[in-house]
Each structure stands twice: as C-alpha cells, then as structure tokens.
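Just below is one structure, and these are the notes that go with it.
In what follows, chains are A, B, ... by sequence order, proteins preceding strands, each numbered from 1. FYI, side chains are in, hydrogens and waters are out, and symmetry mates aren't considered; it's all heavy atoms of this structure.
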Amino acid sequence: MDITEMQDPLGVSAYSVFPIPLDKHNKKSVFYTKFLTPHKFALCLLIEFYAQHATAPSYSTSFLDIILEYFDSSNSLPQSLIDLHNVTTNLPSTIDGYSIYDLLHERLWSLHSYEDIHEIFMSLGSYITNLYEPDEEPPSHMLFSPSSILSIFLRKCVVEYEQLSFEQGVEFFKSFLEYRSPSMNFRKDGVEYCKVNVRHELLGLASNQTLLQLAFGITPGCQATQDIEGLIQLQIQHMQRYGCFLPDEMKRKLHDILEAEGNHLNTSYHFRFLNAWFKGDYQQSIENLCRYFDHVMHSNERVSYQYALLNLSILQADFGCDKEALRAIEDTINTARESGDIACLNFALAWMYEFKRSQLPSSKDKNPEEENHILEHLAINSQGAQIPVLQSTVHLMQAQHYLDNGNNLVGVFSNLAKSFALQCYSESFHCFSRYMDLTQEIWYRLGCFSLCFNYISLYQNSFVQEASIIDLVKSYMNKARRLFENGNWPDVSSTLQMAKMESERSFQSVHFYGREKCFLYLDKALNEKNYKTAIFLLKSLNGFRHSKESLFKTHYYTLKLDISLGNLSQSIDAIESLLEDDVNLTVEWKLKLMLLKVDVYVNTNVLHRAIFELLNIIEISSSSFLRLYLLEALCLLCLIGNLDCIKSTELLDSLIPEIIASGNKALMALSFYAYTSIQISNYDKLKPSRIFITKLLDNAYDGYKSCYMRDMQQRIALLKIRFLKQIKDNQASRYTEQYYREFFMLNE
Amino acid sequence: MMLEEGLYTQQKIVETRSGLWNCIKECSERGLVYSVRWAAEMLAGLKSPNTLDAPFSSTPTAELEEDTTTTNERILEFKEETTYTLAKAYFDCKEFERAAYTLQHCKSSKSLFLRLYSKYLSGEKKIEEEADTVMSSIYPASSASRELYSISETLDSVQKQGNQDPYLLYLSGIINRRRKQYAKAIDFLLSCVRKTPYFWSAWQELSLCLDSPEVLASVIRRLSNDHVMTKVFIVYASHELHQINSSVYEKLAEVDSLFPTSRHLRIQRALLAYDTRDFDDAEELFEVILKSDPYRLDDMDTYSNILFVLERKSKLGFLAQVASTIDKFRPETCSIIGNYYSLLSEHEKAVTYFKRAIRLNRNYLAAWTLMGHEYVELKNTHAAIESYRLAVDVNRKDYRAWYGLGQTYEVLDMHFYALYYFQRATALRPYDQRMWQALGNCYEKIQRPQEAIKAYKRALLGSPINSSILMRLGNLYEELQDLDTASAMYKECIRSEEEGDMTPETIKARMWLAKRELNQKNYRQAEMYVSEILNGDLELEEAKALMRELRSRMEHTPN
C-alpha cells in the first residue's frame with residue numbers, strides 16, 4: 001500500500017492510506033439511522049461556518065437558503081457531497097480566495113478518525129444559547145436561539161449521535177468516509193484537493209492490510225429512516241392522489257431503499273400495498289395491507305383496526321370480491337361505532353352507500369330504504385362531524401342520488417353548489433373530479449353540449465396535474481363519448497389515445513379504459529351494422545369487471561344487436577324483464593330501454609304501441625329533465641305519429657335549434673329526417689322548396705354518416721331519390737346511381 | 001562440548017514437543033479447550049528440531065512402560081468409549097447436566113473427570129443465571145455451592161482409593177480454590193502439574209491461588225527448577241502478582257530460546273513491560289503482536305489500557321473498531337470500547353460498555369476496576385466503591401482496585417478509612433511510587449507526619465525523583481521544625497527539575513529557600529533563588545515583592 005504524506009490543513013502530520021473504502025466489488029450495505037446522515041453532518045459543518053462568520057456577509061442569505069433547502073427532507077433533494085459541492089463552490093467565504101466549499105473540503109478532510117467526528121458533535125452544542133453558561137464570557141461566534149430552525153437541526157443531529165452505540169458510531173464514521181470519497185476527484189483551479197485520512201500514530205497498525213480491512217473493510221452507505229419514510233410517504237401520497245402505481249423508472253431508483261434487508265419501515269408495507277393494488281396484484285396487496293396494519297398498530301396508537309378494515313373492504317371491492325367487501329365494511333362500521341370513531345364511521349357509511357349504488361345486488365340483499373336511510377344519516381351527521389371532505393362528498397352523493405331519480409333539478413344544483421363551496425372553503429379538492437363529472441353530466445342531460453364539453457375541457461386543462469388517474473381516464477372517456485355523439489370520430493380516436501396513455505398507470509384505469517372503449521366501438525359497430533365485430537366486442541366485454549351501470553350497458557347493447565339481427569320477440573321480452581327491475585334502474589336507463597322498445601315496435605310496424613311508448617317517454621323525460629330523450633321522443637313522434645303536418649312542422653321547427661345546441665349529430669339528423677319526411681309526405685300541401693328539402697336531407701345524411709349509422713344513411717338517400725322522383729327532378733337518376741354505388745357496390 | 005549441548009537442547013525440544021502433543025490429545029478428549037489452544041500455540045512457537053542431531057531410536061519407549069493402574073484405566077476407557085463419546089458430544093454442545101447424567105455409571109478416571117467437570121460447569125452456569133443484576137455479588141449463595149460440595153466429596157473418596165489422575169487433581173484444586181482452601185488447592189495443583197506439566201489451566205489455577213510473593217516463592221521451591229514450564233509459570237505468576245524483577249526477565253529469556261516464536265511469550269513480554277510501566281515498549285510489543293495476529297482479542301484490553309494511558313486516541317479508536325468487527329460480544333472488546341469512550345470523556349457510555357463486559361463474564365476483573373474509575377469520574381463514589389470492591393472480590397491481587405478504593409474514600413474525606421486500602425495496594429506493589437505517595441498523603445491528612453515522612457521516603461526508594469514528594473517532605477519537616485532537613489528536601493526538589501522546566505513545586509521550594517536565606521541574612525543566596533524564579537516564564541507578584549524586600553535590605557546593610 002502506498003502511504004504518502006500529505007499537507008494537512010490543521011498542521012497535524014497525517015497520511016493518506018487510500019483506497020478506503022477497500023471493497024469496491026461487494027454490494028453496498030446500508031447503515032440506517034433515524035435522522036442523522038453524513039450529509040446532515042456536512043450541513044452541521046456549514047452551519048458552524050455560518051456561526052463562525054466564515055460566510056461572506058453579502059452571501060449569507062443565499063448560504064442560508066442552501067442550508068434550509070437541504071435539510072428539509074420533504075423536498076427530497078439528493079444528499080450527496082457532489083450536490084453540496086455544486087451549490088457551495090461559487091459562494092465566497094470571508095477568507096480571500098476561498099469558497100465555502102474550499103472551507104468545507106478542508107474541514108471534511110481534517111477528520112481522520114471517529115473521535116474527530118465525536119469532538120465536532122460535542123462542540124455543536126456551544127452554538128445554541130441556552131446550552132451556554134450565562135456566567136461565562138460570551139464566545140466570539142454566533143449563538144442561535146434554542147427555537148431557531150438551525151439550532152433545532154443541530155440538536156436533532158447531536159441527540160441522535162449521542163444515542164448511537166459504538167458500533168453504530170463507527171458505522172456512521174465509515175459511511176461518512178463513503179460520503180466523502182467522491183470529493184477525491186474534486187479539483188480547485190485544476191489542482192487536486194488534499195486527501196489526508198490517517199493520523200501518524202496509526203501508520204503502524206494501518207499498514208497491515210488485514211487490520212485495515214477489519215477496521216474499514218466495508219464502508220456502508222447511510223440512510224436516515226426519517227428521510228426514507230419521507231420519501232415513501234411522498235410516494236404514497238402520490239399514489240393515493242393519482243391512484244396509480246409507481247412508474248418503473250422511479251421504482252428502480254427506489255428499489256434499493258425499499259428492498260433493502262434492513263428496511264422494515266411500516267410505510268414501506270403501505271407503499272407495497274398500494275403498488276400491488278394499483279398493479280392489480282390481489283394477493284400481494286392483501287398481504288402487504290395486513291402486514292402494514294399488523295406493524296403500524298403496534299407502533300402507532302392513532303391507527304386503529306377500523307381503518308385496516310376500511311382499507312380491506314375497499315381493496316376487496318376493487319378486486320370484485322363484493323361479499324367480502326360488504327362484510328369488511330360492516331365490520332368497519334361496527335368497530336368504528338364501538339370505538340366511537342365518528343369520522344371513520346361516516347367514511348365507512350359513505351363508502352358503503354357508494355359501493356351499494358355501484359353494484360348490482362342479489363334481490364334478497366336489496367333494500368332501497370336502507371340506502372336512503374344511510375344517505376339521510378350521512379347528510380345529518382357530516383354536518384356535525386365538521387369534516388369538510390366528507391360533507392362535500394355527501395353533497396355530491398346527494399346530487400348523484402337526485403340525478404339517478406331525475407326529479408329534483410334544484411336539489412342537484414344546490415348540492416353541487418354546496419359541495420363546491422365547501423371545497424373552496426376547506427381548500428381541499430379531493431372530490432373536485434366528481435363534482436366536475438356531475439356538472440358536465442347535468443348539462444349533458446339538459447342538452448347543452450357546449451357547456452358540458454366546456455366543463456370537460458376545463459377539468460382536463462386545469463386539473464390534469466392534480467386529478468387521480470381513474471378520474472382523468474373517466475373524463476377522457478366522457479369526452480370521447482360526447483365527441484362520438486357529436487359525430488367527430490377523428491377526435492374520438494385521439495382522445496382515446498390520450499386516455500390509453502394515462503390509463504396504463506394503474507390496473508383499475510386499464511380495466512375502465514378497456515371496457516369503455518369496447519362500448520364505444522360496440523356502438524359504432526352496431527351503427528355500421530358490422531355484426532361480426534359487435535359480437536366479438538360483446539364477448540370481449542366479459543373479460544372486464546363490471547359495475548351496475550356497465551352491466552346495464554352490456555345488456556343494452558346485446559338487445560340492440562338482437563334487434564338489429566331481427567330477434568325482435570326475444571328482445572322485447574328481455575326489455576320487459578329489465579324494465580321490471582324498477583329499483584336498480586335509473587330513469588335514464590329506463591328511457592333508453594323504452595326507446596329500444598319503440599324501435600322494435602317501429603320495426604314490427606306496431607305503430608300505435610310505439611306511439612304509446614313515445615308518449616310515456618315524453619312524460620318521464622320531461623319530468624326528469626332528460627332533455628335529449630325528450631327531444632328524440634318528440635322527433636320520433638313527429639316521424640311516426642301521423643300528426644297534423646303543420647303542427648308537426650311547427651313543433652320540429654321549434655325543437656331543431658335546441659337539438660342543434662345539444663350537439664347530438666344522430667338526433668339532429670333524426671330531426672331533419674322527420675322534418676323532411678313530413679314535408680315530402682305533405683308536399684302538395686306544404687310546398688317546400690326543393691333546395692331546402694335536399695339541403696336538409698343532405699345534412700341529415702351527413703349527420704348519420706358522421707355517426708356511422710348506415711341504415712339511416714340509406715333511408716335518407718332513398719327518401720331523397722323518392723323526393724326527386726316525386727318532383728320529377730332530372731337529378732334523380734344521378735342520385736340513384738350514386739345510391740347504388742354507395743350502398744350496394746361497397747357491400748359487394 | 002558444543003555437540004553435547006546441542007544434543008541436550010535437541011532432546012529437550014523433542015521432549016517438549018511430545019509433552020505438548022500429549023497434553024493436546026488428553027485435553028482435547030476432556031474438553032479442556034483453552035489448555036489445548038495454549039499448548040497448540042506453544043507448539044507452533046517451539047524451536048524446530050535439528051533432525052540431524054536428534055537421537056535415533058527405532059523402537060517406541062513410553063507405551064511399554066505403563067504400570068498396571070494405567071493399563072486398567074485403558075481397559076475401562078475402552079469399555080466406556082461409546083458412552084464417553086456420547087457424553088462428550090453433549091458436553092461440546094454445552095449440555096453439561098446431560099453429559100454428567102450420561103456418565104453416571106462410568107468408572108474410568110477420564111469419564112469421572114468429564115462427569116464432575118460437567119457438573120462444575122453447570123454450577124457455574126447457574127451462578128451466571130442467578131446473578132440478575134450486574135452489580136450483584138459474584139458468588140451468590142445457591143445450589144451451585146452445594147454442587148461444589150458434592151463434587152468435592154466424590155473427588156475425596158476417589159482420591160482416598162488411591163486415584164491420582166492429574167485431571168481429577170486439577171478439579172480438586174479448582175474446587176478447593178473456590179472454597180477458599182488455598183493451601184489444599186495448591187497441593188492438589190502442584191501434584192497435577194508434576195504429572196502433566198504442559199497442562200496450562202492447572203498452572204493458571206495455581207497462579208490464582210497465590211496471593212503474595214512469599215507464597216509464590218514457596219510454590220516455586222516445590223517445583224522442579226529446570227523444567228521449562230516452571231519458568232513459564234514464574235513469568236506468568238510474577239505478572240499476575242505484579243512482582244517484576246530481573247530474574248523474571250531472565251526466566252523469560254531462557255524460555256524464549258526454546259520457544260522463539262511463541263505468541264504467549266511475546267504477550268508475556270508485553271505484559272511485563274506494562275507492569276513495569278514501560279508503556280512505550282509495551283505499546284510497541286503489542287503493536288507487533290497485533291500485526292502478526294490481527295484477529296487476536298486476548299490481552300488486547302491491556303493494550304487498550306496502554307493506549308489509554310498514552311492518550312493515543314486514534315490508535316485506541318482503530319483497535320476498538322477492529323475488535324468490534326471481530327467479535328463485539330467479547331468482554332475484551334467491550335473493555336477496549338469502554339476505554340476509548342473514557343478517553344473521549346464519555347464516561348457514561350464507558351460504564352455501559354464495562355457493564356456489558358461484566359455481563360459477558362462476571363469474573364472479568366479489568367472491567368470492574370475500570371468501571372470503578374469511570375464512576376469516580378462521574379462523581380458517583382458509592383457505585384465506584386462497589387465496583388472496586390467487586391473487583392477485589394474477583395482478584396485480591398488487583399492493586400488498582402485497592403488503590404481506587406483508597407482514592408474514592410479520600411474523595412469522601414475518609415482518610416483514616418482509606419489508609420487500609422492504600423496499605424493493601426502498597427503491599428501488592430511495594431515498588432510503585434504512586435501507592436506510597438497516596439499512603440503518605442493519607443498519613444499527612446490524619447496528622448501523622450512521622451508515618452507520612454516514612455511513606456514518602458519509601459515512595460522515593462528505587463523510583464525516579466519526584467519533585468512533589470520532595471516538596472511534601474519539605475513541608476512535613478518544616479511542620480516538625482526540622483528546618484535543616486526541610487531545606488535539604490527543598491534543595492533536592494530544585495535539583496530534580498529538568499533543564500529550565502520550572503514547576504510550581506520548584507518555585508515554591510525556591511521561595512521557601514529564599515525566605516529562609518533572607519531570614520538568615522544570606523542575601524546573595526536569597527537573591528539567587530528569587531532571580532531564578534523571575535527569570536522563568538511565570539511572573540510572580542510574591543517573588544517580585546520578595547525581590548524588592550531583598551534589595552531594600554541589601555541596600556540598608558553595609559556590605
């Protein structure tokens with residue numbers, strides 16, 4: 001080993017016996033402390049410089065900024081000497097030609113053995129006012145007030161150091177050597193800094209390789225559990241907030257810390273639980289959830305069993321174990337009641353209500369009274385519990401409830417307004433996504449496309465950084481659905497692309513995206529009469545987990561397919577049986593099914609029944625503020641109702657502006673179709689201009705085309721040809737040819 | 001003549017080698033691991049025989065010379081081989097009672113030894129278990145002492161039947177020592193070492209039975225003078241009794257010629273240097289030992305004591321790091337770390353480590369004494385006294401503990417009480433100046449100047465001149481109005497000072513002498529003393545005033 005005498009800044013004869021650390025090949029071990037790390041020790045030295053007026057006065061503020069920034073664990077800045085070097089190397093000190101880093105370097109390299117570090121720790125107390133004897137002569141250095149952030153930091157370091165056993169102290173010293181080692185390569189004006197690390201008295205013993213290996217053989221890295229915990233907490237917050245697993249790159253960086261053998265932090269289990277959950281690993285997530293709560297309840301009194309149960313039930317529900325989830329939530333409620341935890345009780349009740357609302361229960365479990373009772377209970381209690389998040393959620397739940405029942409528009413708006421006000425008041429926007437969803441939903445129902453779309457865009461533009469993944473994907477899918485209805489398929493594709501990209505961040509959102517995308521394509525396939533694809537998509541829907549709504553959707557599309565395939569009697573029976581389930585059906589779904597019924601009746605030419613159904617739809621939709629359904633029903637009534645042509649025309653005239661505002665292309669085409677159909681049927685009486693009718697028909701055709709509704713396009717084309725023939729227009733033959741080319745040659 | 005000498009040495013080497021091998025074999029069979037380790041170390045350090053000079057013999061000798069008793073033993077051992085192997089296996093797994101139970105019907109001396117030794121060790125284990133706190137008594141009254149009695153009875157009956165197995169004798173020696181029957185223990189152990197001279201544990205036990213140099217001398221008289229093991233023992237026991245003289249070094253040199261690379265002897269040399277307070281030499285020797293045997297922890301606590309005294313912080317820290325890497329649960333390691341913390345003025349932490357050392361081995365004497373020192377530093381005199389007392393209980397020959405006790409009582413102003421402890425310390429270290437000085441100080445405090453003078457004079461005997469002792473002597477003579485002797489003492493004190501190194505004592509001596517000369521009107525002499533003071537680094541007002549007075553007197557006195 002080369003032992004070279006070096007210039008020691010302190011003037012003590014000291015030598016370099018590097019390479020220390022000796023083992024470069026072994027996997028680095030980690031020494032865990034609670035708070036103290038070599039980096040924080042280096043910060044202590046910087047504070048010492050500051051106290052000794054070594055920093056240039058004009059740079060004191062920026063110097064303090066660096067210190068404060070670096071010991072705030074929540075900002076997770078890297079804790080390496082290289083980073084410290086980069087920020088302090090340009091800060092001048094009060095000594096000419098020396099930067100703060102130069103001083104720090106000299107100080108760091110003047111520490112040769114464990115006792116040097118020990119002495120520094122022992123001297124740090126002298127910088128704090130009350131540790132200094134008042135009778136003594138005041139020192140020349142600065143004294144920090146005991147409550148100042150710097151002295152708190154110093155005290156924390158010293159207290160932890162004093163609690164270290166000798167073995168731990170040595171490990172800390174060795175980790176300090178490891179921390180310091182990158183500075184061997186630092187240069188000042190192209191010249192190497194000093195590299196002194198062994199005192200003269202040690203030369204004899206340190207020249208023996210075996211002894212040196214025994215003393216400094218394995219130099220571990222040092223990590224403070226508080227820092228790790230802060231980092232994990234940050235990740236947990238990130239995961240909880242966005243509902244997604246950790247990106248692979250970040251996971252790789254965290255891997256060493258989280259997978260380390262010595263790391264038994266409770267939070268790491270919590271982290272693993274969330275990661276497994278969002279990756280869809282049921283077994284691992286249950287395992288880690290239980291492990292987390294087993295450990296945390298031992299060390300943290302605040303966390304109680306009811307929260308373990310609450311988490312478990314959410315997890316069970318998410319993985320489709322509905323019965324288990326219900327049992328767990330019932331246990332949560334009971335435990336929370338017993339322990340008098342009102343907050344947990346209310347959250348559990350709110351969650352149970354939501355769960356029951358979204359699931360299709362077996363008939364014996366169903367008790368709508370109970371659900372209403374829960375909601376009422378929550379509405380009353382959330383007020384008293386003074387938990388704004390819960391209160392706001394309950395308002396949104398009430399708004400949803402009114403939307404489902406569809407008879408209280410005032411209730412919906414007042415609850416939405418209250419929820420928003422509470423969110424603003426408490427500055428907590430946990431349920432903002434849901435608020436925006438409900439708002440766009442209500443405007444959609446009221447047939448105001450621009451407002452609905454604006455709300456969606458507003459949410460996506462301004463809240464995308466804050467929103468959880470599942471909410472964001474939901475929002476994208478809503479947008480795609482609205483665009484689809486608006487006949488804007490190219491934008492639908494691009495929106496789906498974005499949704500796909502976002503959805504890949506969690507298992508739940510991947511499922512949601514896949515399912516909703518299936519529904520969209522299914523809709524399109526049915527419109528296009530592409531039955532093969534439709535059947536395939538319906539089958540593939542079985543691979544997804546379903547909520548109550550998605551189950552209805554599946555039934556709905558199955559029925560639509562059946563009707564398209566001509567299985568009419570079978571379809572009508574199925575619709576009837578579905579409509580009997582009055583409890584689970586929301587008004588909207590009821591109307592959708594009734595419209596299907598109308599379709600069947602029209603197809604079988606039982607027009608009086610169709611008209612009867614339409615009248616029913618009109619009544620329900622008008623009382624439930626479901627404007628789109630009302631408009632559609634009215635258009636259909638005009639089309640098939642054999643009404644007075646003038647009144648029908650007037651009615652449609654008045655409806656068309658609203659229909660256009662609703663942004664629903666199919667509905668708009670239907671209204672044009674109905675209008676032109678009446679006009680053509682009563683041509684002699686109404687004498688519409690040719691150009692007006694053909695223009696309307698062209699618009700209707702384009703509208704259906706943009707919605708891929710091929711049979712309706714065909715119908716419009718036929719109507720146009722018929723009309724042209726009727727008025728003996730010489731263009732008729734050209735259109736006939738075009739029609740033939742469009743619909744028959746393509747099919748061939 | 002040279003050839004004869006060479007042949008003699010070769011024969012000695014061969015004999016020693018065969019003796020050590022034999023001992024290794026026998027001790028291994030009996031689970032006496034430390035003796036095996038020692039013998040193996042000595043064997044490794046033994047001078048290589050010159051095979052050319054070795055006497056050649058084609059026939060084995062020893063085996064054929066066995067008497068009938070030995071033959072009977074061999075037959076019995078052969079019969080009991082299976083049972084013995086089983087019991088030995090239990091013994092190796094530290095299931096001592098199980099081993100003893102397995103051997104209950106065995107008759108051979110070897111089996112009997114293992115049975116009784118197992119019982120003894122099991123009793124020791126129980127003592128450890130029963131001692132619930134660190135500071136409790138070392139030998140609690142318990143079933144373990146009954147165990148000792150039953151072992152002793154069995155051994156007595158066997159020995160009455162004429163069984164003189166050396167290992168059983170060794171066991172008798174241990175039992176008697178534990179029952180504080182030292183004379184009997186010495187008899188048994190001497191008989192043992194005569195039969196098996198290379199059995200080191202027996203020598204160690206024998207050394208533990210010695211409480212004074214006189215007893216050591218009487219024991220040596222009963223041993224064969226020219227046997228190499230007697231010499232090794234003399235070196236070891238002298239160190240244990242802290243009675244180092246030139247003959248010990250001679251013996252060590254003699255043994256060294258036979259075992260030139262022995263680690264045990266190297267350590268003995270270092271320990272002797274430590275005992276004679278030649279810390280620099282001791283440090284050097286220990287450093288060489290550590291470098292040649294880096295995983296060694298035995299006696300490294302002594303090395304740490306040396307580093308502590310020399311205030312080699314870094315070295316001590318390095319040693320502590322090495323020791324803690326090798327085995328952090330060895331009493332030696334804890335003691336080293338304790339010393340290191342003590343040097344860093346972390347006395348509470350030091351106490352923690354000394355306590356840990358004691359938990360690991362209740363008979364670990366060094367830790368008791370060092371813990372006492374730490375308690376003194378922490379001003380916890382009661383705990384210090386208890387620690388020192390327990391140290392003395394473990395080993396009555398530990399002068400440091402006696403001395404510590406005396407010092408602690410001095411802190412409590414119990415000078416008369418402290419006297420007893422200092423007397424014990426001086427008895428153990430008759431040539432240690434510090435002990436006599438402390439004794440003298442005590443006498444001074446209890447107003448017994450005559451005894452104090454004797455003690456101080458004894459302190460100066462054979463030791464380097466100490467100015468503070470001379471100063472004290474001067475003071476005492478002054479009190480007794482023997483001003484001439486006092487003056488002589490002060491003058492001696494001034495003479496003792498090194499070149500230009502004026503100490504507070506020598507300044508005081510000069511002041512006293514100057515005043516005396518002034519009173520006797522020897523102004524020139526007085527002026528010389530005062531100007532010496534004023535020429536030094538310290539500026540003393542008193543000296544200046546004296547000088548002024550001197551000048552004025554000189555001015556007013558004609559020639």
Discussion item. For Glu167(A), is there any backbone N or O sitting under 3.5 Å from a side-chain donor or acceptor partner on Ser324(B)?
Written reply: no
Exercise. Donor-acceptor pair, Lys349(B) side chain versus Phe166(A) backbone, under 3.5 Å?
Worked result: no
Does [X] [atom1] have over 12 foreign heavy atoms under 6.0 Å away?
X	atom1	value
Glu348(B)	CD	no
Gln168(A)	CD	yes
Lys34(A)	NZ	no
Tyr98(A)	OH	no

With the side chain counted from C-beta on, respond yes when Glu115(A) and Leu316(B) share a heavy-atom pair under 4.5 Å apart, and no when they do not.
-> no
Do His118(A) and Lys313(B) have side chains that approach each other closer than 4.5 Å (heavy atoms only, starting at C-beta)?
no
Work out which heavy atom in [X] is nearest to a heavy atom in [Y]; give both atom names and the distance.
X	Y	value
Leu211(A)	Pro294(B)	CD2-CB, 3.6 Å
Tyr295(B)	Leu214(A)	CE2-CD2, 3.6 Å
Ala215(A)	Phe318(B)	CB-CE1, 3.6 Å
Ser314(B)	Glu201(A)	N-OE2, 3.1 Å

Starting at [atom1] of [X], measure out to [atom2] of [Y] and round the result to the nearest 0.5 Å.
X	Y	atom1	atom2	result
Thr325(B)	Lys174(A)	OG1	NZ	5.0 Å
Asn208(A)	Ser292(B)	CG	OG	9.0 Å
Arg312(B)	Leu205(A)	CZ	CG	11.0 Å

So, the part of Ala320(B) with a heavy atom under 4.5 Å from chain A: the answer is both
query: Is chain A contacted by the side chain of Leu344(B), its backbone, both, or neither, given a heavy-atom distance below 4.5 Å?
result: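 For Leu344(B), backbone and side chain are both near chain A.
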TODO: Evaluate the salt bridge (Lys or Arg N to Asp or Glu O under 4.0 Å) criterion for residues Lys328(B) and Glu171(A): first the C-alpha distance (whole Å), next the side-chain angles of each, then the deciding distance (0.1 Å), finally the verdict.
DONE: CA-CA 13 Å; Lys328(B) 60 182 167 189; Glu171(A) 286 296 291; over 6 Å; no
